[in-house]
Undergrad: 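Would you mind keeping the following structure in view while I ask a few things?
In the text below, chain A, chain B and the rest are named by the order of the sequence lines, each starting its count at 1.
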Number of protein chains: 2
Amino acid sequence: MNYEYEGLKLKNQLCFPLYASSRLIVRLYGPVLEPLGLTYTKYIVMLALWEKDNIGLKELGGILFLDSGTLTPLLKKLEIQGLVTRERNLEDERNINIKLTDRGKRLKETAKDIPAKIGSCINMSARDLKELHRLLHIILENNKESQCLGL
Amino acid sequence: MNYEYEGLKLKNQLCFPLYASSRLIVRLYGPVLEPLGLTYTKYIVMLALWEKDNIGLKELGGILFLDSGTLTPLLKKLEIQGLVTRERNLEDERNINIKLTDRGKRLKETAKDIPAKIGSCINMSARDLKELHRLLHIILENNKESQCLGL
DNA sequence: ATTTAATAAATTGAATACAATTAAATTGTA
DNA sequence: TACAATTTAATTGTATTCAATTTATTAAAT
């Protein structure tokens with residue numbers, strides 16, 4: 001038997017189930033977020049801002065692992081929706097400060113049931129959930145300043 | 001203390017680390033696949049075909065959790081690259097059969113070192129890797145015919 | 001003080017994802 | 001047989017992602 005190609009089998013991939021389940025769960029959010037006028041990416045931006053308001057784009061990107069190429073157009077849309085404001089930092093005009101509007105702050109109230117709603121769709125024991133959480137964070141931490149990626 | 005909004009904290013999200021680490025690892029593949037003329041999505045299509053050649057688009061989509069909207073343009077590109085052929089099934093012309101060309105088959109040889117190359121970037125014990133694998137497959141299995149999603 | 005280097009955001013272009021619709025082929029049924 | 005329902009790909013339109021480039025601003029060095 002030739003084991004030379006074992007690593008190429010889908011069932012032996014780590015990335016594939018990661019990629020597939022990520023998309024699966026993001027898709028789960030779609031109809032739940034739609035009434036709030038949010039997409040999944042907009043939602044995690046709002047999550048970050050609800051925890052820390054008045055933050056620079058760079059810092060926001062550091063938290064969410066997203067760069068200005070993704071965030072700039074996204075934040076402009078959130079601004080048009082009246083959920084955030086974007087203004088240059090007066091002390092250093094290279095930076096931009098993102099702030100929640102009152103409407104953006106109030107949306108938190110509407111959003112607070114979403115985690116439970118999504119959670120009920122993921123049929124997994126609390127123990128497994130916690131373990132999955134731990135393992136994913138190992139990946140994120142390992143690659144935060146990876147020698148493999150130039151992040 | 002008000003715990004009403006605990007579920008909205010990023011650190012309590014399951015989806016966020018799933019989403020972030022998936023993107024992180026897909027990005028890891030970029031420079032590794034580039035010399036082969038493949039993107040990550042093209043790569044998993046090739047992985048599936050190396051395991052089962054001459055397969056319908058629908059069946060391929062079932063394996064990879066992708067629909068014709070994603071696969072049709074992707075397969076056309078792989079066809080232009082000379083890695084696959086697309087032909088209507090003569091018995092049922094609604095279906096299309098995807099076959100590897102000789103060149104597509106030979107690419108497997110070039111690709112066989114990729115899993116080890118990526119693996120070396122993911123600093124995780126064999127035990128943790130296996131556990132992560134198991135947990136991700138729980139999510140995929142649970143939602144394969146979910147009551148929450150209309151897949 | 002000038003010039004150079006570094007940093008942050010915005011822009012551009014390529015490649016997905018995916019919902020929704022359309023078109024073609026097949027199946028089931030009256 | 002006709003016709004409605006179903007199935008499969010393809011198409012369309014919207015929303016990301018991300019690498020690479022550009023522009024503006026600030027910091028560092030001469």
Side-chain angles (χ1 to χ4, degrees), chain A residues 15-16 19-34 37-45 55-62 64-81 84 86-98 143 149-151, chain B residues 19-34 37-45 55-62 64-81 84 86-98 143 149-151:
Chain A
C15 190
F16 171 64
Y19 161 81
S21 56
S22 166
R23 282 165 34 233
L24 207 61
I25 294 195
V26 167
R27 223 179 315 166
L28 218 58
Y29 277 90
V32 176
L33 293 175
E34 201 269 337
L38 297 177
T39 59
Y40 181 71
T41 319
K42 284 179 182 173
Y43 174 65
I44 62 170
V45 166
I55 191 179
L57 186 150
K58 184 81 176 182
E59 191 182 354
L60 183 60
L64 301 178
F65 299 87
L66 291 169
D67 69 5
S68 69
T70 303
L71 286 176
T72 296
L74 196 86
L75 290 166
K76 284 183 179 176
K77 286 180 199 168
L78 288 175
E79 190 178 34
I80 290 170
Q81 289 180 259
V84 308
R86 301 176 330 118
E87 47 194 34
R88 288 282 164 186
N89 184 330
L90 293 180
E91 328 234 302
D92 184 341
E93 298 212 357
R94 288 172 302 185
N95 293 282
I96 203 165
N97 285 131
I98 317 296
N143 286 90
L149 274 176
L151 282 178
Chain B
Y19 161 82
S21 56
S22 166
R23 282 168 32 236
L24 207 61
I25 295 197
V26 167
R27 224 179 314 166
L28 219 57
Y29 277 90
V32 177
L33 293 175
E34 201 269 337
L38 297 178
T39 59
Y40 181 71
T41 320
K42 283 179 183 173
Y43 175 64
I44 61 170
V45 165
I55 190 179
L57 186 150
K58 184 81 176 183
E59 191 181 354
L60 183 60
L64 301 177
F65 299 87
L66 292 169
D67 70 5
S68 69
T70 302
L71 286 176
T72 296
L74 196 85
L75 290 167
K76 283 183 178 176
K77 286 179 199 168
L78 287 175
E79 190 177 33
I80 289 170
Q81 289 180 259
V84 308
R86 303 175 329 118
E87 47 195 35
R88 289 284 165 185
N89 184 328
L90 294 180
E91 328 233 304
D92 183 341
E93 298 213 357
R94 286 171 304 184
N95 293 283
I96 203 164
N97 286 131
I98 318 296
N143 286 90
L149 275 175
L151 284 178

Undergrad: Rounded to whole angstroms, how far apart are CG on A/Leu74 and P on C/dA9?
TA: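 After rounding, the gap between these two atoms is 15 Å.
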
Undergrad: Please name the pair of heavy atoms, one in B/Ser68 and one in B/Pro73, separated by the smallest distance, quoted to 0.1 Å.
TA: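 Taking B/Ser68 first and B/Pro73 second, the nearest heavy atoms are O-CD, 3.9 Å.
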
Undergrad: Between C/dA10, C/dT26, C/dA19, spot the one nearest the side chain of B/Glu93, thanks.
TA: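 So the nucleotide nearest the side chain must be C/dT26.
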
Undergrad: Is the distance from OP1 or OP2 of C/dA14 to the nearest side-chain N or O of B/Lys42 less than 4.0 Å?
TA: no

Undergrad: Would you indicate, yes or no, if D/dT14 has its OP1 or OP2 atom less than 4.0 angstrom from a side-chain nitrogen or oxygen of A/Lys77?
TA: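 No.
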
Undergrad: For D/dA10, does either OP1 or OP2 sit under 4.0 Å from a side-chain N or O belonging to B/Thr72?
TA: yes

Undergrad: Would you say that B/Glu59 contacts B/Asn95 through its side chain, given a criterion of any heavy-atom pair below 4.5 Å between the two side chains?
TA: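 The answer is no, as the side chains (C-beta and beyond) never meet within the 4.5 Å cut-off.
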
Undergrad: Which nucleotide sits closest to the side chain of A/Arg94: C/dT26, C/dA10, C/dA6?
TA: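 Comparing C/dT26, C/dA10, C/dA6 against the side chain of A/Arg94, the answer is C/dA6.
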
Undergrad: Of A/Leu90 and B/Ile96, whose nearest nucleotide on DNA chain D comes first from the 5' end?
TA: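 Closer to the 5' end of DNA chain D: B/Ile96.
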
Undergrad: In whole Å, I'd like the distance from the OH atom of A/Tyr29 to the C1' atom of C/dC18.
TA: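 Those two atoms, OH and C1', are 18 Å apart.
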
Undergrad: Distance check needed: C/dC18 C1' versus A/Leu28 CG, whole Å only.
TA: 14 Å

Undergrad: Counting N and O atoms only, with roles assigned by atom type, does the side chain of B/Arg86 sit under 3.5 Å from a partner on the main chain of B/Asn97, one being a donor and the other an acceptor?
TA: no

Undergrad: Tell me whether the side-chain N/O atoms of A/Lys76 come closer than 4.0 Å to OP1 or OP2 in D/dA15.
TA: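 Checking D/dA15 against A/Lys76, no side-chain N or O comes under 4.0 Å of OP1 or OP2.
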
Undergrad: Please state how far atom CG in A/Asp67 lies from atom C1' in C/dT11, giving the value in whole angstrom units.
TA: 12 Å

Undergrad: Hey, is the side chain of B/Asn95 poking within less than 4.0 Å of OP1 or OP2 on D/dA9, counting only N and O atoms?
TA: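 For B/Asn95, the contact criterion (side-chain N or O under 4.0 Å from OP1 or OP2 of D/dA9) is met.
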
Undergrad: Hey, is the side chain of B/Arg88 poking within less than 4.0 Å of OP1 or OP2 on D/dA9, counting only N and O atoms?
TA: no

Undergrad: At 4.0 Å (heavy atoms only), tell me whether B/Leu71 reaches a base, stays on the sugar-phosphate, or touches nothing.
TA: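 Counting heavy atoms under 4.0 Å across all strands, no contact is made by B/Leu71.
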
Undergrad: Once rounded to the nearest 0.5 Å, what's the spacing between atom CG of A/Leu33 and atom NZ of A/Lys42?
TA: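 With rounding to 0.5 Å, CG (A/Leu33) is 10.5 Å from NZ (A/Lys42).
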
Undergrad: Fit a plane to each ring of B/Tyr40 and B/Tyr29, take the angle between them on a 0 to 90° scale, and name the class: parallel (under 30°), tilted (30 to 60°) or perpendicular (over 60°).
TA: tilted

Undergrad: Is there a side-chain contact between A/Ser68 and the phosphate of C/dA8, meaning an N or O under 4.0 Å from OP1 or OP2?
TA: no

Undergrad: Partner of D/dT23 by Watson-Crick or G-U wobble geometry, both contacts under 3.5 Å, or none?
TA: C/dA8

Undergrad: For the residue pair A/Phe16 and B/Phe65, does the interplanar ring angle fall in the parallel (under 30°), tilted (30 to 60°) or perpendicular (over 60°) class?
TA: tilted

Undergrad: For D/dT16, does OP1 or OP2 lie under 4.0 Å from any side-chain N or O of A/Thr39?
TA: yes

Undergrad: Please report the distance, rounded to the nearest Å, between CG in B/Leu75 and P in D/dA9.
TA: 10 Å

Undergrad: Starting from the 5' end of DNA chain C, give me the residue, A/Lys58 or A/Tyr19, whose nearest nucleotide shows up first.
TA: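 The residue whose closest nucleotide sits nearer the 5' end is A/Lys58.
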
Undergrad: In whole Å, I'd like the distance from the CD1 atom of B/Ile25 to the P atom of D/dT17.
TA: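 Rounding to the nearest Å, CD1 of B/Ile25 and P of D/dT17 are 17 Å apart.
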
Undergrad: Think A/Thr41 has a side-chain N or O under 4.0 angstrom from the OP1 or OP2 of D/dT16?
TA: yes

Undergrad: Given atom CG of B/Leu33 and atom P of C/dA14, what is their separation to the nearest angstrom?
TA: 20 Å

Undergrad: Check whether any side-chain nitrogen or oxygen of B/Arg27 sits under 4.0 Å from OP1 or OP2 of D/dT17, and answer yes or no.
TA: no

Undergrad: Using purine N1 to pyrimidine N3 plus N6-O4 or O6-N4 for Watson-Crick, or N1-O2 and O6-N3 for G-U wobble, each under 3.5 Å, what pairs with C/dA30?
TA: D/dT1

Undergrad: Round to a whole Å and report the spacing from CD1 of B/Ile98 to P of D/dT8.
TA: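 Result: 14 Å.
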
